[in-house]
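Following: one structure in C-alpha cells, then a few remarks.
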Amino acid sequence: MRRYLSAEERADYQRRSPRAARQWLLGRIAVKDAVRHWLWDAGAGPVFPIEITVSNDASGRPRVTGPFAEPPDVSLAHTGSLAAALVGDPRSTSSVGIDIEQITDRDDRALAVILTGAERHLLDSQCASVAERQSWVARFWAAKEAVAKAGG
C-alpha cells in the first residue's frame with residue numbers, strides 16, 4: 001500500500017471497511033500500473049505508482065493525474081480478488097471501457113436483466129452445453145459493461 005498510495009490516498013483507504021478497502025486498493029494498483037505501462041510505452045523514464053493519483057469524476061469514472069501533459073482516458077473493472085484497467089490515448093476521440101465478470105450460474109431472471117431478447121436468442125444459438133452457456137453469459141455481460149463504460 002505504501003508503495004502505491006500517497007498520504008491522501010492512504011487516508012481514503014483507511015476510511016473504508018476492510019473488504020471495500022481491498023477492492024479499492026486493487027483498483028488503484030491496476031489503474032496506476034496500466035498508466036505507468038502506457039507512459040513507458042510512450043518513452044517515459046521511471047514512473048513510480050505514487051506519482052499517479054487516481055480519483056473519480058461525478059459519475060464514478062476513474063480519472064488520473066500525474067507526470068503527463070494531458071491525462072489519458074482510463075477504465076477500471078474489478079470483481080472478487082481481480083482488477084483490470086485499460087488506458088486510452090488522450091488524443092483519441094473515443095473512450096475506453098473494460099469489464100471482468102466471474103463465470104457463475106445465472107438463472108433466467110438474471111439473464112432477463114442482463115441480456116435483451118435478441119441477445120438471449122444469439123446466446124442460445126452459440127451454446128451447445130450448460131457449462132458453455134455460463135461462459136458465454138459472462139462474455140456477453142462483460143462486453144456490454146465495457147461498451148457502457150466507454151460510452152460514459
Side-chain angles (χ1 to χ4, degrees), residues 4-6 9 12-13 15-17 19-44 47 49-152:
Y4 276 85
L5 303 179
S6 67
E9 289 171 316
D12 194 3
Y13 172 86
R15 286 190 289 271
R16 299 171 184 277
S17 69
R19 183 174 184 190
R22 180 180 176 174
Q23 283 284 308
W24 184 87
L25 178 59
L26 284 172
R28 291 312 188 257
I29 291 170
V31 170
K32 289 179 179 213
D33 280 350
V35 170
R36 291 170 63 217
H37 284 278
W38 173 75
L39 287 167
W40 292 334
D41 288 347
V47 179
I50 204 164
E51 295 178 81
I52 299 165
T53 300
V54 182
S55 60
N56 297 91
D57 67 14
S59 68
R61 188 175 179 90
R63 296 288 178 230
V64 293
T65 57
F68 33 77
E70 192 174 353
D73 186 33
V74 294
S75 183
L76 169 64
H78 42 69
T79 184
S81 62
L82 301 174
L86 184 63
V87 179
D89 190 325
R91 297 166 292 181
S92 174
T93 58
S94 60
S95 296
V96 294
I98 191 169
D99 191 54
I100 52 177
E101 296 294 335
Q102 292 182 350
I103 298 173
T104 62
D105 188 24
R106 293 180 176 90
D107 62 21
D108 288 337
R109 285 186 308 162
L111 290 182
V113 172
I114 296 169
L115 305 174
T116 66
E119 290 165 341
R120 288 192 306 274
H121 179 72
L122 179 60
L123 175 70
D124 291 338
S125 71
Q126 293 295 312
C127 302
S129 69
V130 172
E132 186 179 58
R133 181 179 177 86
Q134 295 310 321
S135 175
W136 276 103
V137 168
R139 291 175 185 156
F140 274 59
W141 190 4
K144 289 181 74 166
E145 288 285 323
V147 169
K149 288 177 181 183

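- With respect to Asp108 and Arg120, no salt bridge is recorded, no charged nitrogen being found less than 4.0 Å from a carboxylate O.
- Here CD of Gln126 is found 6.0 Å from CZ of Phe140. Values are rounded to the nearest 0.5 Å.
- Looking at Arg139 and Glu132, no side-chain N of the basic residue comes within less than 4.0 Å of a carboxylate O on the acidic one, giving no salt bridge.
- Atoms OG and CH2, from Ser125 and Trp136 in turn, are 9.5 Å apart once rounded to the nearest 0.5 Å.
- Side-chain contact between Asp73 and Arg63 is present, with heavy atoms from C-beta onward closer than 4.5 Å.
- Between Ala30 and Leu76, the closest heavy-atom pair is CB-CD1, 4.3 Å.
- Looking only at side-chain heavy atoms (C-beta outward), Thr65 and Ser55 stay at 4.5 Å or farther from each other.
- Considering only heavy atoms from C-beta on, Asp33 comes within 4.5 Å of Tyr4 through its side chain.
- The minimum heavy-atom distance between His78 and Ile100, with the atom names listed, is CA-CD1, 4.0 Å.
- Of all heavy-atom pairs spanning Trp40 and Val47, the tightest one is NE1-N, 3.7 Å.
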*Going through the checks in order, is the side-chain contact (heavy atoms from CB on, under 4.5 Å) test met by Val31 and Arg28?*
CA-CA 5 Å; Val31 170; Arg28 291 312 188 257; 5.8 Å; no
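- Taking SG of Cys127 as the start and CD of Gln134 as the end, the distance is 8.5 Å to the nearest 0.5 Å.
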*asked:* Does Ser81 form a side-chain contact (heavy atoms from CB on, under 4.5 Å) with Arg22? I'd like the steps, not just the answer.
replied: CA-CA 8 Å; Ser81 62; Arg22 180 180 176 174; 3.3 Å; yes
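- For Arg36 against Ile52, the heavy-atom pair with the smallest separation is CG-CD1, 3.4 Å.
- Two residues are said to be in side-chain contact when any heavy atoms from C-beta on lie closer than 4.5 Å; Asn56 and Arg61 fail this criterion.
- Taking CH2 of Trp24 as the reference point, atom CZ of Arg16 lies at 6.0 Å (rounded to 0.5 Å).
- In Asp57, the CG atom is crowded: over 12 heavy atoms of neighbouring residues, nucleotides or ligands sit closer than 6.0 Å.
- Side-chain contact between Val74 and Val35 is present, with at least one heavy-atom pair separated by less than 4.5 Å.
- The residues Lys144 and Glu119 are annotated as salt-bridged, a charged nitrogen and a carboxylate oxygen being separated by less than 4.0 angstrom.
- Side-chain contact check for Arg109 versus Val113: every heavy-atom pair is 4.5 Å or farther apart.
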*Just do the side-chain contact (heavy atoms from CB on, under 4.5 Å) check on Leu123 and His121 with the steps written out, would you?*
CA-CA 5 Å; Leu123 175 70; His121 179 72; over 6 Å; no
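- At a threshold of 4.5 Å between non-hydrogen side-chain atoms, the residues Pro67 and Leu39 count as touching.
- Remark: Asp107 pairs with no residue by the side-chain hydrogen bond (donor to acceptor under 3.5 Å, both in side chains) rule, at least two apart or across chains.
- When side chains are defined from C-beta on, Asp12 does not count as touching Leu5, because their heavy atoms never get closer than 4.5 Å.
- Nearest heavy atom pair, residue Pro90 against residue Pro71, reads CB-O, 3.3 Å.
- Taking the six-membered ring where tryptophan is involved, the planes of Phe68 and Trp38 are perpendicular, since the angle between them exceeds 60° and thus also 30°.
- Of the inter-residue distances, the one linking Ser6 atom OG with Tyr13 atom OH reads 14.0 Å to the nearest 0.5 angstrom.
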*Given side-chain contact (heavy atoms from CB on, under 4.5 Å), test Val137 with Leu111 step by step and report yes or no.*
CA-CA 8 Å; Val137 168; Leu111 290 182; 3.6 Å; yes
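- Between Val96 and Ser75, the shortest heavy-atom contact is O-CB, 3.6 Å.
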